Amino acid sequence: MKRKFFTRILAVHFVFFLLVLSFHYIKANTLKYKIVNKYESMISITRNFHHRYLNTEYVLRSVGLFAYQNEKDSKHLDNNGGAMFNKEGFYPILSKDLYVIYTQLRKRLPEKYINSLEVYMPSAHYVLPFSILKSDELTEHNLARQFSDHGFLDSDCLAFRDNDITVFTKFNHKEFVSNKIVLPICINLKIEAAFVIDIDGKYFNQYIDEFNDENFTQYEIEGNNGLFRYKIDIPYSNEESEDVYFGVKLINLILISSILTFISEIVYAISCHLYSVFYKRAFYDSMTGCLRRNIFDMKYKSIRNCGVILFDIDNFKSINDNYGHAMGDKVISAIGKIIMEQAHENVLNFRWGGEEFLILLPNTKKDALKKYAENLRKNIELSPLLEQQVITISLGLTEQKNQENIHQAIHRADMGLYKSKSLGRNQSYYI
């Protein structure tokens with residue numbers, strides 16, 4: 001019994017694990033699509049800056065550090081951005097444009113994950129927010145180096161596809177370290193500036209956590225050595241960017257499968273109990289434990305090759321008259337118990353009427369049928385069911401013939417029962 005129980009538990013747990021794993025396999029494509037779509041939306045916003053840059057006005061700037069709130073054209077920016085100029089000259093006014101892009105980005109992802117928006121030029125550096133610029137302390141040499149590090153210094157636009165965007169990603173120990181979207185800005189086939197959006201890499205960890213909460217999944221960012229992992233095809237990523245994967249938390253999947261198995265076992269136990277209760281009430285006579293007569297036509301009217309025993313209790317009316325109906329019910333109940341104790345696995349016992357019982361023995365021939373009936377008669381006769389009266393039964397026996405329906409055989413057994421009573425009761429008669 002225990003072996004069957006543990007085998008069932010393991011089998012159910014394995015099935016649930018496969019189902020949960022299959023669900024995650026299906027949902028993985030959805031998550032990949034959502035992450036790529038998130039990048040595409042940010043890239044689309046980044047592209048808008050190119051047009052804004054080409055249509056901006058230029059003003060004369062002296063060397064120094066400027067906060068945007070001091071500019072007439074940036075009254076809406078408050079203290080959110082600024083610029084540093086290392087050479088005097090004419091420079092574009094980009095405060096409004098940066099703020100517009102920043103506002104559009106905030107509709108796509110939480111503000112706390114937007115590290116900065118920056119425009120690099122060989123002699124200028126625009127930044128939103130201003131706090132990054134104040135702490136950067138860039139010199140003219142540093143600005144040139146930053147511009148050169150992205151491959152823009154002394155480059156021409158022919159090196160890029162249609163002023164294409166590049167996504168730089170760094171990944172370390174189950175977490176994005178950084179995400180930078182870089183847009184080269186070309187004028188007269190020369191790269192004049194580079195627009196850079198720096199996104200905090202932790203955002204994508206949170207994004208996956210939110211996806212897990214919404215879809216009841218268990219994904220996490222991981223390295224390229226996971227058992228069940230999926231590569232994120234980050235659009236426009238450069239060759240130096242590391243491949244990024246997300247995988248399934250196997251421990252969580254095993255835990256979920258265990259919980260589902262536990263719940264299923266509880267449901268199974270309750271269902272079995274309810275089935276047993278309602279099944280017994282519907283199918284079995286509560287007084288004797290035998291099958292009800294109305295179940296016979298529902299399930300057994302087409303049964304074949306049976307030995308049939310039909311019997312009732314001798315002089316049962318006198319028992320009710322002399323001892324009362326309560327005692328009569330106890331006698332019926334006790335006889336039902338004797339019948340059930342004698343029955344082997346395939347025997348069907350029915351309470352056929354008030355004190356009448358039907359027994360069907362599949363594939364039982366005459367000799368075995370008579371032996372079974374005689375053992376039952378003796379067991380009841382020898383049982384002390386009443387203190388001052390011996391209880392006996394009369395039985396009619398028959399075999400179901402080939403091509404004969406069971407009702408015909410029962411009718412013949414009833415004739416045998418009538419014959420046994422006419423011969424003096426407490427005996428069986430075979431027809």
Side-chain angles (χ1 to χ4, degrees), residues 16-49 80 99-118 128-129 132 165-182 196-238 241-260 263:
F16 274 123
F17 179 78
L18 289 181
L19 290 174
V20 173
L21 189 61
S22 299
F23 174 76
H24 279 73
Y25 177 78
I26 295 171
K27 281 293 183 179
N29 290 325
T30 302
L31 179 56
K32 287 170 65 177
Y33 170 79
K34 285 183 174 293
I35 291 176
V36 171
N37 188 59
K38 182 65 67 173
Y39 270 103
E40 292 285 4
S41 66
M42 294 187 296
I43 288 169
S44 177
I45 292 171
T46 306
R47 288 187 184 279
N48 291 337
F49 185 78
N80 289 327
Y99 185 73
V100 169
I101 299 299
Y102 179 73
T103 302
Q104 292 174 350
L105 281 174
R106 285 191 304 179
K107 296 177 181 178
R108 301 293 190 278
L109 68 161
E111 183 177 353
K112 66 178 181 179
Y113 293 110
I114 306 174
N115 287 339
S116 65
L117 278 67
E118 302 177 67
L128 190 158
I132 293 179
I165 286 176
T166 304
V167 178
F168 294 85
T169 59
K170 288 186 179 181
F171 174 79
N172 182 38
H173 190 59
K174 295 189 176 183
E175 189 174 276
F176 283 96
V177 175
S178 67
N179 280 271
K180 289 188 177 181
I181 304 174
V182 181
V196 179
I197 297 178
D198 187 2
I199 306 297
D200 192 334
K202 294 179 181 178
Y203 167 68
F204 289 95
N205 292 75
Q206 179 190 317
Y207 188 74
I208 290 177
D209 289 341
E210 291 174 353
F211 182 87
N212 287 336
D213 293 338
E214 294 173 359
N215 296 274
F216 305 102
T217 50
Q218 298 293 322
Y219 296 118
E220 64 179 347
I221 297 292
E222 64 174 41
N224 61 358
N225 56 351
L227 184 59
F228 299 101
R229 60 186 179 87
Y230 308 90
K231 182 180 177 183
I232 303 173
D233 297 317
I234 299 175
Y236 305 102
S237 58
N238 71 329
S241 296
E242 300 179 26
D243 291 335
V244 180
Y245 300 84
F246 68 90
V248 178
K249 301 177 185 177
L250 281 179
I251 294 178
N252 288 13
L253 259 61
I254 294 173
L255 179 60
I256 291 172
S257 302
S258 300
I259 294 172
L260 291 175
I263 294 173

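The structure presented is a predicted model; accordingly, all values stated were derived computationally and were not measured.
Val20 is listed as a side-chain neighbour of Leu260, based on a closest heavy-atom distance under 4.5 Å. Side chains of Pro235 and Val167 form no contact here, defined as non-hydrogen atoms less than 4.5 Å apart. Side-chain contact between Asp233 and Tyr39 is absent, with no heavy-atom pair separated by less than 4.5 Å.
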*For side chain to side chain contact (heavy atoms under 4.5 Å, CB included), just list the numbers for Phe204 and Ile234, CA-CA rounded to whole Å, side-chain angles, deciding distance to a tenth of an Å, and then say yes or no.*
CA-CA 12 Å; Phe204 289 95; Ile234 299 175; over 6 Å; no

_Test side chain to side chain contact (heavy atoms under 4.5 Å, CB included) on Met42 and Leu105; report intermediate values, then the result._
CA-CA 7 Å; Met42 294 187 296; Leu105 281 174; 4.2 Å; yes

*Going through the checks in order, is the side chain to side chain contact (heavy atoms under 4.5 Å, CB included) test met by Tyr207 and Ile221?*
CA-CA 10 Å; Tyr207 188 74; Ile221 297 292; over 6 Å; no

_Quick one, Gln206 with Glu210, criterion side chain to side chain contact (heavy atoms under 4.5 Å, CB included). Give me CA distance, side-chain angles, the key distance, then yes/no._
CA-CA 6 Å; Gln206 179 190 317; Glu210 291 174 353; 2.6 Å; yes

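Expressed to the nearest 0.5 Å, how far CZ of Arg47 lies from CD1 of Ile181 amounts to 10.5 Å. Distance OG/Ser258 to CG/Leu253: 10.5 Å, rounded to 0.5 Å. Between Leu250 atom CG and Glu220 atom CD the span is 9.0 Å, to the nearest 0.5 Å. A distance of 10.5 Å separates OH in Tyr203 from CD1 in Ile208, rounded to the nearest 0.5 Å. One distance of note links CD1 of Ile114 with CD1 of Ile101; it measures 11.0 Å at 0.5 Å rounding. Remark: Gln104 CD to Ser41 OG distance equals 11.0 Å, nearest 0.5 Å.
Residues satisfying the side chain to side chain contact (heavy atoms under 4.5 Å, CB included) test with Asn215, not counting sequence neighbours, are Lys27, Phe211, Thr217. The salt bridge (charged side-chain N to carboxylate O under 4.0 Å, His left out) search around Arg106 returns Glu111, not counting sequence neighbours.
Closest approach of Ile256 to Gln218, counting heavy atoms only: CD1-CG, 3.6 Å. Annotation for Ile199 and Asn115: closest pair C-ND2, 3.9 Å, computed over non-hydrogen atoms. Leu109 and Tyr113 make their closest contact through CD1-CB, 4.2 Å (heavy atoms, listed as atom of the first residue, atom of the second, distance).
With hydrogens and angles disregarded, no donor-acceptor distance shorter than 3.5 Å links the side chain of Ser44 to the backbone of Glu40.
Exactly one residue among Tyr219, Phe246, Phe228, Tyr230 makes a ring-ring contact (aromatic ring centres under 6.0 Å, His included) with His24. That residue is Tyr219.
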